[in-house]
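Below is one structure, written out as C-alpha cells; the observations come after it.
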Amino acid sequence: MLSQIVSALMVMVVGVFAAAAYFYLTNRILDLALPDTGDVAKASRNLRTRAMIRPWLFLGPAVLLLTIYLVYPVIATLILSFYGRDAQDFVGFSNYLWAVNDAGFRQSIFNNILWLAVVPAACTFFGLIIAVMTDRLAWGNVAKSLVFMPMAISFVGASVIWKFIYDYRGDGQIQIGILNAIVQYLGGKPEVWLAIPFWNNFFLMVILIWIQTGFAMVILSAALRGIPEETIEAAVIDGASGWQIFWKIMVPQIWGTIATVWTTITILVLKVFDIVLTMTNGQWNSEVLANLMFGWMFQGGGDSGRSAAIAVVLMLAVTPIMIWNIRRANEEMKGR
Amino acid sequence: ADLKFKPGEDSKFNWASYDAYKKAHGDLKGETLTIFGPWRGEDEKLVTTVLNYFSEATGVTVKYSSSENYEQQIVIDTQAGSPPNIAILPQPGLLADLASKGFLTPLGDDMSKWIKDNYGAGQSWVDLGTYKGKDGKKAFFAFPYKADVKSLVWYSPENFKEAGYKIPATMEDLKALTEKIVKDGGTPWCIGLGSGGATGWPATDWVEDLMLRTTTPENYDKWTTNELKFNDPIVEKAIDEFGWFAKNDKFVDGGAKAVASTDFRDSPKGLFGVPPKCYMHRQASFIPSFFPDGTKLGKDADFFYFPPYASHPELGKPVEGAGTLVTIAKDSKAARAFIAFLQTPIAHEVWMAQSSFLTPYKAVNTATYANDTMRKEGELLTTATTFRFDGSDLMPGKIGAGAFWTGMVDYVSGKSSAQVADQIQKAWDGLK
Amino acid sequence: MSIGNRLARIGLPRLIINLTVLVVVALWVMPTLGIFVSSFRDKDQLTVSGWWTAFSSSERNEPGRLAGLDKMKQEGPLYVISGNVLEGRGGAVNAFGTKAVAPRAYKAGTEADLGDGIKLAINSDGTYRYTSTAPFTEDNTGRRVYLAVATPPVFTMTNYQNVLTGEGIGQSFVNSLTVAIPATVIPILVAAFAAYALSWMSFKGRTLLLAAVVGLIVVPLQMSLIPLLRLYNDVGTFLGVPSKTYAGIWLAHTAFGLPLAIYLLRNYIVGLPKEIIESARVDGAGDFEIFTKIVLPLSFPALASFAIFQFLWVWNDLLVAMVFLGTDKDKLVLTGALNALLGSRGGNWEILSASAFVSILVPLLVFFSLQRYLVRGLLAGSVKGG
Amino acid sequence: MAGVVLKDIRKSYGAIDVIKGVDLEIKQGEFVVFVGPSGCGKSTLLRMIAGLEEITGGEMIIDGQRVNEVPPARRGIAMVFQSYALYPHMTVYDNMAFGMRIAKESKEEIDRRVRAAADILQLGPYLERLPKALSGGQRQRVAIGRAICRNPKVFLFDEPLSNLDAALRVATRIEIAKLNEQMADTTMIYVTHDQVEAMTLADRIVVLSAGHIEQVGPPLELYERPANLFVAQFIGSPAMNIVPVKIDETGDVTRVSLSGGGSVSVPIATASGEKGKAASFGVRPEDLTLTTGDDYLFEGTVDIVEALGEVTLLYLQDLTDDEPLIAKLPGIVDIRKGQKVRLAAEGSKLHLFDGDGKTYRR
Amino acid sequence: MAGVVLKDIRKSYGAIDVIKGVDLEIKQGEFVVFVGPSGCGKSTLLRMIAGLEEITGGEMIIDGQRVNEVPPARRGIAMVFQSYALYPHMTVYDNMAFGMRIAKESKEEIDRRVRAAADILQLGPYLERLPKALSGGQRQRVAIGRAICRNPKVFLFDEPLSNLDAALRVATRIEIAKLNEQMADTTMIYVTHDQVEAMTLADRIVVLSAGHIEQVGPPLELYERPANLFVAQFIGSPAMNIVPVKIDETGDVTRVSLSGGGSVSVPIATASGEKGKAASFGVRPEDLTLTTGDDYLFEGTVDIVEALGEVTLLYLQDLTDDEPLIAKLPGIVDIRKGQKVRLAAEGSKLHLFDGDGKTYRR
Ligand SMILES: Nc1ncnc2c1ncn2[C@@H]1O[C@H](COP(=O)(O)OP(=O)(O)OP(=O)(O)O)[C@@H](O)[C@H]1O
Ligand SMILES: Nc1ncnc2c1ncn2[C@@H]1O[C@H](COP(=O)(O)OP(=O)(O)OP(=O)(O)O)[C@@H](O)[C@H]1O
Ligand SMILES: [Mg+2]
Ligand SMILES: [Mg+2]
C-alpha cells in the first residue's frame, strides 16, 4: 500500500512538474533566443517578435489539447453526421431529415427549450441569493458547504437520492418517497411524479438545479468578494436598503460573472443526459437532446450517423450564446 | 488462486472433465486473458470462483472487469481497436451488431454443432449465437453460458396455503385465481417495470411470454425479425393480454399507475408483506436475489410455471429464457482455451453449486444445483417443449432496448395497444 | 467588522436572513440527509419505510417462524415447542397472528387457540410457547407467525462495512487521487496561461479563439471517446507503449475541462485592475512574470473555484477513466470500484447510498480547504477610483 | 441638535490600536477639520462617525442619540470617501442621483440637484460617462457631487480636494464654505492635509497624532498658540523651526542658550524651577526676517533657495542637526546658494517648549 | 542623452480627442512639471511617455530613439501612478522590491534600496503590511517608494504627493528635489496640482489645457510673465484677479477704464491700433496692498475674511461680475466682513491681456 502511494505521488509530481516545466522552459528559451539586451532598436524589435510569439507559447498547450481532444472529434462528428449508421456510406442530409421528422427529436427540442428557460435562471438565482446571504452570516461557510454538497455527489448517487424523493407507492400505502409522504400527509393523493408528461420535466429540472446551484454559488461568491467594499459603504450611506444594495450595487458590478454562470449552466443543460437517463430515460415525454444522442450512440451498437446529427444540432444551439459572449468580451477589451 | 471446491473431493462434481481439460490446455503460462462481462458485485465473486479453475488449469492470468456502462464500453473499445479478449454480453442484438461490424471472431462450425448436441433445445441456442459477419455470411459467434428462465411466477406457498389458493395449471385458471383473490379482498399481482434507463423491460418479458402462449413459435421468430409486423393483430393481442393483468387497478399492487414507476427490484417485496401486498409476481429466475434477506427458497418463496392457455393446447408448454453469451473479441490461444473451458461440465457445476446459475448443458450433474428451486428451474430449461429467447434481446437494440421498452411504459401509462404497436413499428421502420 | 454590525449596516434584519438561509439550506440538505440516513439503515427497511421514520421507534408487521419438530418437548400431557420468535432482532412484540391477513389477531402475552388443541402464546419479549395436546407433525411445525413488532430505531454500519472492505477500495482510492490531482492541476495551469493570453495579450485571432473556446464547452464528451481512443491505440502501438496510461487520462481530463476552465478564468482575469498590470509592466516584468507573480496570486478565487469543480468532475467520473485508463484492477478508480460492488442488475441502494458518502468525503475536503481562498478583498488597497 | 459627541472613542485592528481614546464635542452647524500626519487615524475616526467602522470602545453620540449600533443610513450623514468609492457601473449622473432615487425624490428635484452640483464642480460634460473614463480629479469631483446632492445633518469629507487643481480647489473650497453658510445647521467634519483648507474652512481644527488628539481650537489659536511642539510643527507650512536650547535664566523673560553657542532672550515667563533644563525654542519661517544688524537670532549659510514668486524660501544649513532652518521671505529676494545670512524675529513671535514638548505659555 | 521629445503627439479615445498635438522637448536631467486643470490630459500624456497608452499620432523619442512601439519596460522609466496601483497581494517590502527582483538585483542591494526608500518615506514600520492595511497616504508613499527603488533614466510622477500631509509633503518634496540633484542625469516628469510643488521643483513648467500646451517655461517666468490669461490665472494661488477693461489710451503707458467706472494707468506699452478694444486687466492677490490714499485700484466691501495666520485673504464683492476680487495680505490684518477697503498695487505688478487672452508684453 505504501509503495503504491509513493509511486502514485511520484507519478503525480512528474505529471504536474512536466506541465509547469513546459511553460517555464519555453518562455526561457524565447527570452534567450530573442535577447532584450544590447541596442534599443534591436532589442525592441526582438521584444516585438517576442510579443508576437509569446501568446502562442501561453496558448500552445491549450490549443493543442483542444484541437486533438475536441476540435478533431467535432469535425469527425460533423462528417459522421452525413454517413449512415456504420459510418460506411454517405447519406447526405438524411440523418437531419430523419431528425426533423422524428417525434422524439421534436419532443426533445421542446423539452430542451423548457430546460434552458428554467434551469440556468433558477441556478443563478438561488446561487446568487445563497452567496449573498451566507456571505453575511456566522455560519455562512457551513451553509455554503451544505448547499455545495450535491455538486460533490456523483450522478448515480444523485439519482438514487431523487428516486427516493419521487418514489411512488399506491394510494393508502406507506410512502417511502418524501414528496408523496407529504402529499399524503396533507390529505392529497400520491402521484407518480415522473410519469406526468410535461410536468415531469420540471421534476427532473429540480434535480439539476439542486446540483448546479452549488456551482453558481461558488463562482458568484468569488465574484461578490471582489466588489470594492467602499462602493457598498457608499451605498449604505446613501441610504440604500440591503435589497437595493443587492440589486443596484452588487448585481450590476458582478454582471459579467452572472453572465458567465448563466452561459456555463446553459451549456451544461444542453449536455446533461445522466439525470434523464437514470430517472426516466426520456419516457413520459421527458426526452432531451443529449439523452437522445446518447441513446443513438450506444444503445444496441448505436447509430453513429444519427447521434452525430443530433450532436451537431446541439453544437449549433450554442451559437447564439457564443456570439453574445464574444460581443461582451469585445466590449470589455475596448481601450485595452 | 484458491479453488472453491477442492478438485477431486466432492464427487458431485465432474472432476474428470477438469483433469482432462487441464491436460489439454495446461501450457498457456504467461498469457493474459481480458474478460469483459456483465457480472458485478456478488455475481462477480461467483464468476471469479469459476475463472479461478480456468487459471489454475491453464496458467493464464485472467483480468475480469465489468461496470455499470460496460455495454457502452464494449462499443467504444471495439470501435477504437482495443477490445478485451472475451466479451460477455446478455444482449444478442448488440452482439449481432458487433459481429456485423467485424469485431467478433467466429467460433466455428464445430462449436455450433457441439452446442446443438449438448445443450437442451440446442438449435435455439445455436440460433441465438449465430449472426451475420462483416462479409454478410452467417456464422456462429457466441457461446451461451449461464441461462435464466423467464416463464416463472413467484409466490409465497404459505400465503397460498393460508388463503387456500391452488397453483393454476392453465392461463384460464390463473386469470380465475386473479379474480378470486380480488374477490377475497387481496391484490393478486406485483408488477414493476422501473429500471432506471431500462425502464419498461419487465413488460417486454410478459408480452413475449404471452406471445409464446397465444401464437406459434414460428410467428414469434418472425416477430423478432419484424417479418411479423409489430402492429400485427397477433402482437397486439399479446400486448392486450398483458394489459388484462397490468392495466387493472384492482389486479396490481398500487394500481395500474404504480406499474411503470415501481422498480422491478422492489416489486417482489410485496409478496412478503404482512399482510401480503400481493400474491404473485412474474419474473425470471434471477429475482430471488432481490427477496428480503433470509428468505428461504422453497419455504418462504417458490415459483410455478407461467401456465399456457387451455384454449391453445397445440402450443404445448413454451418456456422463455435468456442467457449470457460469450464471444471472442480479440482472438488468442487463451481465448480459445477459455471457450473450451466453458465446454467442460465443471465450468458450469462450480457456479451451479453456489447460486443463481442455470445451464442448459445436459452433461452437468443436476445434483450440484445449490437448491431444489434452482434444480426445478434447470429442469424446466432442459425439458421445455418449446424454448424461446427473450424476444427483445433478439430485436435490434433500438427496438428491443428502446422503442419496445418505451412503448410498454406508454402502454401501461394509458395508451392503447394499437397506438403503442404502431409507434414501435414506426421506430422499426425508421431503422431501415 | 463584526457580523452584527455588518448586518446592521446592510439594514436587513438578521433574523430574516438567518431564517431564509436556514430554509434554503434545509431544502438543499433534505435529499442528501435522506440518503445519509438511509445509508445507515438496513437494506430491507430501505424500501418499506420512509427514511424519516428511521428515528422514531415504529411498530411494524413482520413475519416470524416457530421452531421445527426437533425442538418438540413433552411436558406432561402437552407437547411443547418454545423459543423466541424475534431471534435476537430486538424490539417488542405488541400483537401476533397466525394468518398473514390478520397479523394482529392476538395481543402479546395472551394465548391463541388455534384449534385441534393447539395453542400459541407469544410474549412481548418474543418468547413463545406453542403447545398441542397431540404430538406435532411436520405439517404444523416450523410454522410462520406474524408479529406486530415495536422496534426502536436501528442503525447499522453494515453498508459502510461492505463498501469500505470491498475488494481493492484502498488501491482504487489511491488511483483516484493519482488521476484527480494532476487532472485538476494541469488544466488549471494550462487554462490560466491561455486565459491570461486571451485577456491581456494582443494577437491576431484572439476573438476567434475565444469564440472557439465558448463553442467547445458544449461538445459532448461521448462524441470524442471513440476517435480519441483509436488515436491512443495508434500512438501506443507506434511508440510501443501501453495506450492506457495515467498520462493519457490526465491529458484527456485536461482537454475536456479546458474550455470551461479557460472561459471561467478568462472572465475573471480580464477584470483585474488595469493599473496593477501596467505597473508591473513598468517595473520591467514580462508577460511571464506578470502572469506568475501578479495575475496568478490575484486570481486565486477563480482558480480555487475552478479547481473545486474540475476535481469533482474528475473524481466522480467513471466513463473517461474506464475508457482511457482501462478496467484493470490495479488501475481502477474509486467510482469503478464502488460500482463493482453493485449487483449485476444494480439497485443495491444500500451500497449506492453508503458509497455516495464514501466518495463524497474527498471532494468535500477539497471544497473546505479551497473555500478559504475564495477570500474577500483580494484587490483591496491596490487602486483607487471607480 | 445635530451635534456629534465622541466619548473616549477607541479602535483597534486586532492588536494594533489605531484610535486611542478620543474625546470631542462638535456642536451643530460647526465646521470641524481633522488634520494630522498620514496614518494617524483621521479616516478611521471619520469612518467611525459614519458608522462604517465598528467602534471598539467608547460612545458616539449624534444628535443626542447614542449611535454606536445605529446603521450609517440612519445617522443622517453624507460622506466623501478618500478613495472616491464611485459606483463603477453607473454614469456620473446616476452616481449622483443614486441617493436621491433611494430616497424617492421626484425626478425634477433629482435633476435639479444633480445639475446644480455638476455646475459647481464643472462636471456638466461628463454626466453620461462611466467613472472609468474619467481622470483622477474628475472622479473626485463626482464623489463630492454625490455627497453635496444629499442633504445630510452631518457632512463628512475625507480629503475631498486632494486631487483637484489649484483653481478648482479654491473654487470648490469656497463652494464648501458657502455650503456651510447656507446649511448653517449642518455639521461638517472634514479631513485634509491642506493647511489652507484647514485654516480657511474650519471653525475648529482638531490635530490628531497617532490616534489621539493633540489640540483642538480655532485655526488662529492653533497657529499662534500651539499647545505643544507637535502642533507647532504641524500647523503652518513650512513647519516651525525648532532649535534645542538650555534655559539659562528664568523670570518674566527667559534666556536660553542655543547649543551652537549664543543666547537669546525670549519674552516668555518661566518659573525658576525650570532653570538649567533642556527646552526647545521655535520660530516660524514666515516670522524670520533678514537683518544685517547684530540682533540676529541665527546666522548661517544658505543651502537652497526656492523662489515661489510671491515668497522665497531659504534653507539654512543648521549647525546642530540635519533639519535645515527655513526662512520664508516675502516677494523675490536676491540671495544665492552659499551666501551667509542673518535672520531675526520679533520677540512676540518666539515660542518656547519644555522638555516634554509642552508650550511655556506667555 | 536620455531626453524626451514629443512631436505632435495625439491621443483619442474613439471620437474623443484627449491630446491634441503636443510638441515638447525635454532635455536629459531636466525636471519638468505638467500642470493644468483636472481632465486636461496630464495623466494621459504621462502614460503615453511611459508606453502604457498607445500613441494615436505623432512621434515619441526617448534617448534619441523612437519609442512609439517600445514596451514600457524597455524605455528605462519608472512611474508613480495617480491611483497607486499597488500589488495588493504583496507586502510593502515586496511591492518595492518587485522591480528589482525582476531585474535580478542581489538580495543585499534590494534590501539596501528598499530600506533607503522606506526611510525617506517613513515607511519603516509598515514594510510587512499589505496595502489594504495602510492609510491613503501610506499607500501613496509606497507607490513613490516603489519608483524610487528603481534607477530609471526617466522618472514619471503622477500627483505623487496629493495624499500626503503638509509636513510629509514638504519632506518628500525636498527628497525628490535632492533625488533630482543626486541623479543629475535622470529626467523627471512630474504631474501635480500643487503650485508650490510645481514652483519649487520644476526646471520648467508645462501648462496644459484641454489637450494642448499653453505655455512652457521656468516657474518664475510663468509667474511673472504669463503668456496668456489662462496661464496667468492658473499659476498662483489664489488666482490672479482679472477685470474686464477697455483700452482708452495707448503708448508706453496704457490707460484702461474699468467697466465699473474709474480708470488706471498701466506701465505696459500698447500699439495704437489697440485703442478702444476690450481687454483684461490683471493683478495678483498678493500684489495688492491696503491703502487709505487715493491711488487705489479698487474700492470695495469685504465679503469674506480668511485669516491663515501667516497671511489674510480678503474677498471683495466685485462690482462687475460674480468672481470676487481677492487680496492676500501678509500677517494678520484687523479687517471685518462688511468693511470698505481700498486696494492698490505697484504698476510693475499689473498685467494686461488682449481680447483673445494674449498678454501685452511689457
Ligand atoms: N477611457 C477613456 N475614454 C474616454 N475618455 C477618457 C478615458 N480616459 C480618460 N478620458 C478623458 O481624457 C481626459 C484626460 O484624462 P487624464 O486622466 O489625462 O486627465 P488629467 O489631466 O490627469 O486629470 P486629473 O488631474 O484630474 O487627473 C479626461 O477628460 C478624461 O475624461
Ligand atoms: N485593516 C487594517 N489593519 C491594520 N491596520 C490598519 C488597517 N486599516 C488601517 N490601518 C492603520 O490604521 C492607521 C490609521 O489609518 P487611517 O486610514 O485612519 O489614516 P489617515 O489618518 O486617514 O491617513 P491618511 O491621511 O494617509 O489617509 C494607519 O496607520 C493604518 O496603517
Ligand atoms: Mg485617510
Ligand atoms: Mg490624472
Side-chain angles (χ1 to χ4, degrees), chain B residues 34 36-45 47-48 63-70 72-73 75-82 84 90 156 158-159 161-163 184-186 194-196 198 263-266 269 272-276 286-287 289-296 299-300 324 356, chain C residues 42-48 60-65 87 97-104 142-144 146-148 166-167 222 225-234 236-237 243-244 318-319 321-323 326-330 332 335-336 339-349 351:
Chain B
T34 51
F36 216 64
W39 301 300
R40 294 186 288 155
E42 203 54 39
D43 284 345
E44 182 173 340
K45 283 185 195 140
V47 74
T48 309
K63 288 190 171 173
Y64 173 84
S65 55
S66 176
S67 88
E68 191 191 12
N69 30 27
Y70 67 92
Q72 219 171 308
Q73 178 108 29
V75 173
I76 294 169
D77 271 342
T78 49
Q79 297 201 357
S82 55
S156 161
E158 278 160 324
N159 288 351
K161 189 172 142 205
E162 181 182 315
D184 290 349
S195 181
D263 198 280
F264 80 96
R265 292 161 283 226
D266 292 342
K269 298 193 169 89
F272 309 99
V274 179
F286 68 79
I287 199 67
S289 35
F290 296 100
F291 290 167
D293 270 349
T295 303
K296 286 207 179 60
K299 198 155 199 179
D300 295 331
T324 39
S356 68
Chain C
D42 182 71
K43 82 174 170 115
D44 288 327
Q45 296 303 327
L46 227 63
T47 50
V48 288
R60 264 200 307 269
N61 296 335
E62 286 177 8
R65 199 174 282 283
E87 286 158 356
T98 53
K99 288 190 155 65
V101 287
R104 295 156 179 259
R143 173 174 198 137
R144 210 141 70 124
Y146 304 92
L147 313 162
E167 195 192 340
Q222 294 82 10
L225 295 181
I226 293 173
L228 285 179
L229 190 59
R230 200 176 291 157
L231 192 74
Y232 270 47
N233 289 330
D234 292 349
T237 326
S243 54
K244 300 187 173 182
L318 178 60
L319 186 59
M322 295 289 262
V323 171
T327 47
D328 289 356
K329 286 276 177 301
D330 55 337
L332 205 59
T335 39
N339 204 273
L341 294 175
L342 302 177
S344 316
R345 287 166 203 275
N348 299 56
W349 286 339
I351 297 215

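The figures that follow rest on heavy atoms only: side chains count, while hydrogens, waters and symmetry mates do not. These numbers were taken from a predicted model, which means no experiment stands behind them. Every chain is numbered from 1 and lettered A, B, ... according to where its sequence line falls, protein lines coming before strand lines.
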What residues, two or more places apart in sequence or in another chain, satisfy side chain to side chain contact (heavy atoms under 4.5 Å, CB included) together with C:Ala100?
B:Asn159, B:Glu162, B:Pro276, C:Tyr146
For C:Met322 and B:Ser66 the tightest heavy-atom approach is CE-O, 3.8 Å
Chain C contact via B:Ser195 - side chain, backbone, both or neither, heavy atoms under 4.5 Å
neither
Can you tell me which portion of B:Pro292 sits under 4.5 Å from chain C's heavy atoms? Options are side chain, backbone, both or neither.
both
CD1 of C:Ile226 to OG1 of B:Thr78: how many Å apart, nearest 0.5 Å?
7.5 Å
Which atoms of B:Asp266 approach chain C - backbone, side chain, both or neither, heavy atom under 4.5 Å:
side chain
To the nearest 0.5 Å, tell me how far C:Asn233 CG sits from B:Asp77 CG.
8.0 Å
So for B:Phe286, is it side chain, backbone, both, or neither that comes closer than 4.5 Å to the heavy atoms of chain C?
side chain
When rounded to the nearest 0.5 angstrom, what is the spacing between NZ in C:Lys99 and CD in B:Glu158?
13.0 Å
Do the non-hydrogen side-chain atoms of C:Val323 and B:Gln73 ever get within less than 4.5 Å of each other?
yes
Under a 4.5 Å heavy-atom cut-off, does chain B meet the side chain of C:Leu318, its backbone, both or neither?
side chain
Checking heavy atoms, do the side chain of C:Thr98, its backbone, both or neither come under 4.5 Å from chain B?
backbone
Holding to side-chain hydrogen bond (donor to acceptor under 3.5 Å, both in side chains), I want the full list of residues that pass it with B:Ser65, two or more places apart in sequence or in another chain.
C:Thr327
Is it the backbone or the side chain of B:Lys296 that comes under 4.5 Å from a heavy atom of chain C, or both, or neither?
neither
Side-chain donor/acceptor of C:Arg230 to backbone N/O of B:Gly81, under 3.5 Å
no
Of the non-hydrogen atoms in B:Pro275 and C:Val101, which two are nearest, and what is the gap between them?
CB-CA, 3.8 Å
